[in-house]
Structures are given as structure tokens and as C-alpha cells.
Amino acid sequence: MNASAQQQLRTVTVEREFAHPPEKIWRALTQPHLIEAWLMKNNFVPAVHQRFTLTGDWGSVDCQVLEIEAQRSLSYTWAAMGLDSVVTWTLTPSGAGTHLRMEQSGFRPDQDQAFHGAQYGWNKFFGGLEQVLGGLEEAA
């Protein structure tokens, strides 16, 4: 991809403060049964280079773990329906609990539908994540 095309790529960013410690949010981001409860069915394994699939009613997403730093950051590829992107989660402890930032980067200018769909979808997923976190017991 040339430099001008690279500059035109767009990113969806969702940030939210959660009144939960990073350890609890990390569990919801990395344990398959919890990921399924707020995102999609999956066969996630928290290890660099590990491939996994997210499966929804509409189809599936092929992913591969790029980086993982326990309770701090998680990054993986997200390939579905012509979209090749990267999802990066960043957890930062805050006074109220944890600041969670999700970035999905790599939307081409001709992928308006995917870009707007991701904006809608991630906000919806964050709502589901909040519900899952509310139902989890604090780690002992």
C-alpha cells in the first residue's frame, strides 16, 4: 500500500471508564466463555501468533493475536468480508477503576459501511461488556 493510501485509512476508537479493576476487565477480554457473552462465539487462546475465530449470526472473523501484555494491552488482527484491520485494547488503571480504550484500525476509504458498522457495533459490544463485568465476582 502506498503512503497516500495509508494516510486515508480510518480508525474506530471507543473509550470508556469502568468501575472495575484491570484484572476483571482482562478476564472478560481473554476468557472464551466471557468473550462469547459480550462479543461472539470464539476459540480464543491468549498467546502471541495464536489464530482464533469469532463467529456471529452474520458470519465469522479470522483473527491472530499480535501482542499481549497481561492486564495492560491486547492486539489482534480482524479479517472479515474484505476488511483487514487490527483491534487493540488498552487498559489503564484510573481512580474509578479502569479506562478501557479499543481501537480498530485499517478501514479503507471505500469501506464506509464497515467503518460505520464498527462504530455502531463496538458501542453495542461495550454495553454487553459492562453487563458481563457487572455479573462477574471480583477475583480473590
Side-chain angles (χ1 to χ4, degrees):
M1 186 179 316
N2 65 38
S4 64
Q6 186 71 37
Q7 291 171 348
Q8 294 174 1
L9 294 178
R10 293 183 289 174
T11 299
V12 171
T13 304
V14 180
E15 298 184 74
R16 198 167 291 177
E17 292 287 332
F18 287 98
H20 303 287
E23 302 79 32
K24 189 173 184 179
I25 295 171
W26 186 253
R27 286 170 49 207
L29 294 178
T30 60
Q31 293 183 3
H33 70 286
L34 297 177
I35 297 169
E36 181 176 350
W38 67 269
L39 184 60
M40 286 182 247
K41 292 180 183 172
N42 65 93
N43 58 345
F44 180 79
V45 175
V48 173
H49 304 303
Q50 185 69 42
R51 293 187 178 278
F52 65 99
T53 303
L54 296 168
T55 307
D57 296 338
W58 53 271
S60 64
V61 182
D62 294 317
C63 305
Q64 183 175 12
V65 178
L66 299 173
E67 296 178 17
I68 189 163
E69 186 178 350
Q71 300 173 21
R72 291 181 171 268
S73 65
L74 172 64
S75 182
Y76 46 82
T77 60
W78 178 287
M81 299 184 287
L83 172 65
D84 289 310
S85 62
V86 174
V87 172
T88 303
W89 297 92
T90 307
L91 294 77
T92 307
S94 64
T98 305
H99 180 86
L100 182 63
R101 177 183 175 97
M102 185 288 311
E103 287 183 298
Q104 184 176 10
S105 59
F107 294 91
R108 295 189 317 264
D110 64 342
Q111 293 179 312
D112 263 353
Q113 186 174 354
F115 180 75
H116 294 297
Q119 288 176 315
Y120 169 80
W122 284 115
N123 278 294
K124 184 177 170 214
F125 290 141
F126 264 68
L129 177 59
E130 179 68 64
Q131 288 186 320
V132 167
L133 291 167
L136 278 181
E137 294 299 319
E138 296 295 338

Membership question, hydrophobic clusters at under 4.5 Å side-chain separation (ILVMFWY): are Met40 and Val45 in the same one? no

For Val132 and Ala37, which heavy atoms make the closest approach, and how far apart are they? CG2-CB, 3.6 Å

Roughly how far, to the nearest 0.5 Å, is CD1 of Ile25 from CG of Leu34? 12.5 Å

For residues 112-129, the salt bridge (charged side-chain N to carboxylate O under 4.0 Å, His left out) pairs (sequence neighbours left out) are Arg10-Asp112

Please find the pair of heavy atoms, one from Gly82 and one from Gln111, that lie closest to each other, and give the distance. O-NE2, 3.0 Å

Between Thr11 and Ser105, what is the shortest heavy-atom contact and its length? OG1-CB, 3.4 Å

Quick check: do Gln131 and Trp38 have side-chain heavy atoms less than 4.5 Å from each other? no

For the CG atom of Leu129 and the CG atom of Leu39, what is their distance to the nearest 0.5 Å? 9.5 Å

Enumerate donor-acceptor pairs with a distance under 3.5 Å from any side-chain N or O in residues 53-61 to protein atoms, sequence neighbours excluded.
none

Below 4.5 Å, heavy atoms only, C-beta onward: do Phe125 and Val14 meet side chain to side chain? no

In chain order, what residues pass the side-chain contact (heavy atoms from CB on, under 4.5 Å) check against Asp84, with sequence neighbours excluded? Ala79

Would you be so kind as to tabulate the donor-acceptor pairs closer than 3.5 Å made by side chains of residues 62-77, with sequence neighbours excluded?
{"residue": "Gln64", "atom": "OE1", "partner": "Arg51", "partner atom": "NH1", "Å": "3.4"}
{"residue": "Gln64", "atom": "OE1", "partner": "Arg51", "partner atom": "NH2", "Å": "3.3"}
{"residue": "Gln64", "atom": "NE2", "partner": "His49", "partner atom": "O", "Å": "2.9"}
{"residue": "Ser75", "atom": "OG", "partner": "Thr88", "partner atom": "OG1", "Å": "3.2"}
{"residue": "Tyr76", "atom": "OH", "partner": "Trp89", "partner atom": "NE1", "Å": "3.1"}
{"residue": "Thr77", "atom": "OG1", "partner": "Gln64", "partner atom": "N", "Å": "2.8"}

If I take atom CG from residue Asn123 and atom CZ from residue Arg16, how far apart are they, to the nearest 0.5 angstrom? 6.0 Å

Quiz: residues 96-104 side-chain donor-acceptor pairs under 3.5 angstrom, not counting sequence neighbours:
{"residue": "Thr98", "atom": "OG1", "partner": "His20", "partner atom": "O", "Å": "2.7"}
{"residue": "His99", "atom": "ND1", "partner": "Glu17", "partner atom": "OE2", "Å": "2.7"}
{"residue": "His99", "atom": "NE2", "partner": "Glu15", "partner atom": "OE1", "Å": "2.7"}
{"residue": "Arg101", "atom": "NH1", "partner": "Glu15", "partner atom": "OE1", "Å": "3.4"}
{"residue": "Arg101", "atom": "NH1", "partner": "Glu15", "partner atom": "OE2", "Å": "2.9"}
{"residue": "Arg101", "atom": "NH2", "partner": "Glu103", "partner atom": "OE2", "Å": "2.9"}
{"residue": "Gln104", "atom": "OE1", "partner": "Trp122", "partner atom": "NE1", "Å": "2.6"}
{"residue": "Gln104", "atom": "NE2", "partner": "Ser85", "partner atom": "OG", "Å": "2.9"}

Clusters formed by hydrophobic residues whose side-chain heavy atoms approach within less than 4.5 Å: which one holds Tyr120, and what are its other members? none

Co-membership, hydrophobic cluster, residues Val86 and Val48, 4.5 Å side-chain: no

Under the side chain to side chain donor-acceptor pair (under 3.5 Å) criterion, do Gln119 and His116 qualify, and how do the steps go? CA-CA 5 Å; Gln119 288 176 315; His116 294 297; 2.9 Å; yes

Closest heavy-atom pair, Ala28 versus Leu133, reported as atoms and distance to 0.1 Å, is CB-CD2, 3.9 Å

Quick check on the hydrophobic clustering: are Phe126 and Phe115 connected, directly or via other members, by side-chain heavy-atom contacts under 4.5 Å? yes

